[in-house]
Amino acid sequence: QVQLVESGGGLVQAGGSLRLSCAAAGRSISGYAVGWFRQAPGKEREFVASASWSGEYTYYAESVTGRFTISRDNAKNMAYLQMNSLKPEDSAVYYCAADDVSGPTTDSSGYSDWGLGTQVTVSS
């Protein structure tokens with residue numbers, strides 16, 4: 001099991017950018033797929049982006065394609081989500097997730113380890 005801690009959330013105006021970080025501890029995440037999910041109040045948790053263990057393969061929700069970029073630095077045991085051109089509808093709690101069995105799935109049930117989340121609020 002790996003412990004995940006997200007950071008980098010905050011309040012930003014529409015059109016702005018944020019970079020979320022996910023710090024892993026306890027084990028190396030070099031063999032883990034990593035995903036980012038988000039959940040807004042009253043809504044279900046939804047997939048945002050995922051990356052294979054090497055970072056070679058990445059996947060994005062249609063709503064963030066072209067605006068968000070997932071990356072990882074296995075040497076630092078870190079994963080990141082660069083968010084550009086933010087919109088009010090991007091406001092949510094963002095969660096980092098990892099799994100060493102499943103690939104970079106878009107399904108939240110494919111991830112065994114989760115962080116506690118970081119709040120992102122985009123004002124109009």
Side-chain angles (χ1 to χ4, degrees):
Q1 189 174 13
V2 62
Q3 291 79 46
L4 303 171
V5 179
E6 303 93 337
S7 62
L11 175 64
V12 63
Q13 288 188 332
S17 298
L18 283 174
R19 187 195 194 203
L20 304 184
S21 297
C22 175
R27 296 183 66 179
S28 169
I29 61 167
S30 60
Y32 284 67
V34 173
W36 286 94
F37 292 78
R38 66 187 181 186
Q39 187 167 19
K43 296 187 177 181
E44 293 187 353
R45 187 170 298 187
E46 65 175 0
F47 169 77
V48 176
S50 62
S52 61
W53 69 271
S54 66
E56 180 179 3
Y57 301 101
T58 57
Y59 304 91
Y60 296 93
E62 185 175 349
S63 61
V64 307
T65 298
R67 300 188 297 122
F68 290 12
T69 303
I70 187 171
S71 62
R72 59 189 299 163
D73 186 336
N74 290 336
K76 295 182 178 179
N77 233 22
M78 297 287 294
Y80 306 95
L81 184 68
Q82 177 67 44
M83 305 186 296
N84 298 328
S85 302
L86 283 162
K87 305 175 181 180
E89 52 263 44
D90 294 319
S91 297
V93 176
Y94 282 70
Y95 298 91
C96 176
D99 196 89
D100 62 349
V101 176
S102 302
T105 177
T106 62
D107 186 346
S108 61
S109 66
Y111 295 89
S112 56
D113 301 315
W114 290 81
L116 296 180
T118 185
Q119 177 71 49
V120 171
T121 303
V122 184
S123 63
S124 58

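Just so you know, these numbers use all the heavy atoms, side chains as well, and skip hydrogens, waters and symmetry mates.
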Exercise. May I have all residue pairs that pass disulfide bond (SG atoms under 2.5 Å apart) and include part of residues 9-124, sequence neighbours excluded?
Key: C22-C96
Exercise. Tell me whether V120 is reachable from I70 by hopping between hydrophobic residues (I, L, V, M, F, W, Y) whose side-chain heavy atoms are closer than 4.5 Å.
Key: yes
Quiz prompt | Single-linkage hydrophobic cluster, 4.5 Å side-chain cutoff, L18 and L81 together | solution = yes
Quiz item: Closest approach of V2 and A98, non-hydrogen atoms and distance?
Solution: CG1-CB, 4.2 Å
Quiz prompt | Residues in side-chain hydrogen bond (donor to acceptor under 3.5 Å, both in side chains) contact with S109, at least two apart in sequence or another chain | solution = D107
Quiz item: Between Q1 and D113, which heavy-atom pair has the shortest distance, and what is it?
Solution: CG-OD1, 3.1 Å
Practice problem: Kindly state each residue pair satisfying side-chain hydrogen bond (donor to acceptor under 3.5 Å, both in side chains) with at least one member in residues 10-26, sequence neighbours excluded. | Solution: S17-N84
Exercise. Determine, stepwise, if the pair L20 / M83 fulfils side-chain contact (heavy atoms from CB on, under 4.5 Å).
Key: CA-CA 8 Å; L20 304 184; M83 305 186 296; 3.7 Å; yes
Exercise. Report yes or no: does N77 contribute a side-chain atom to a donor-acceptor pair with the main-chain N or O of A23 at less than 3.5 Å?
Key: no
Quiz item: Is there a donor-acceptor pair under 3.5 Å between the side chain of N74 and the backbone N or O of S28?
Solution: no
Exercise. Return yes if some donor-acceptor pair links the side-chain N/O of T118 with the main-chain N/O of Y94 below 3.5 Å, else return no.
Key: no
Quiz item: So, D99 side chain and S112 main chain: donor-acceptor pair closer than 3.5 Å or not?
Solution: yes
Quiz prompt | Hydrophobic cluster partners of L116 (side-chain heavy atoms under 4.5 Å) | solution = none
Quiz item: With sequence neighbours left out, which residue pairs that include part of residues 7-44 fulfil the ring-ring contact (aromatic ring centres under 6.0 Å, His included) condition?
Solution: F37-F47, F37-Y111, F37-W114
Practice problem: Mind running side-chain contact (heavy atoms from CB on, under 4.5 Å) on W53 and I29 for me, showing each step along the way? | Solution: CA-CA 8 Å; W53 69 271; I29 61 167; over 6 Å; no
Practice problem: Please report the shortest heavy-atom distance between S124 and A14, naming the atom on each side. | Solution: CA-CB, 4.4 Å
Quiz item: Can you name the salt bridge (Lys or Arg N to Asp or Glu O under 4.0 Å) partners of D90, sequence neighbours left out?
Solution: R38, R67
Quiz item: What distance do S71 atom OG and M78 atom CE have between them, rounded to the nearest 0.5 Å?
Solution: 9.5 Å
Exercise. Could you tell me which non-hydrogen atom of A40 sits nearest to which non-hydrogen atom of A92, and how far apart they are?
Key: N-CB, 3.8 Å
Self-check item: Cluster check V12, Y80: I/L/V/M/F/W/Y, side chain < 4.5 angstrom
Solution: no
Quiz item: Are Y95 and V64 joined in one hydrophobic group, where the rule is that I, L, V, M, F, W and Y side chains link up if heavy atoms are under 4.5 Å apart?
Solution: no
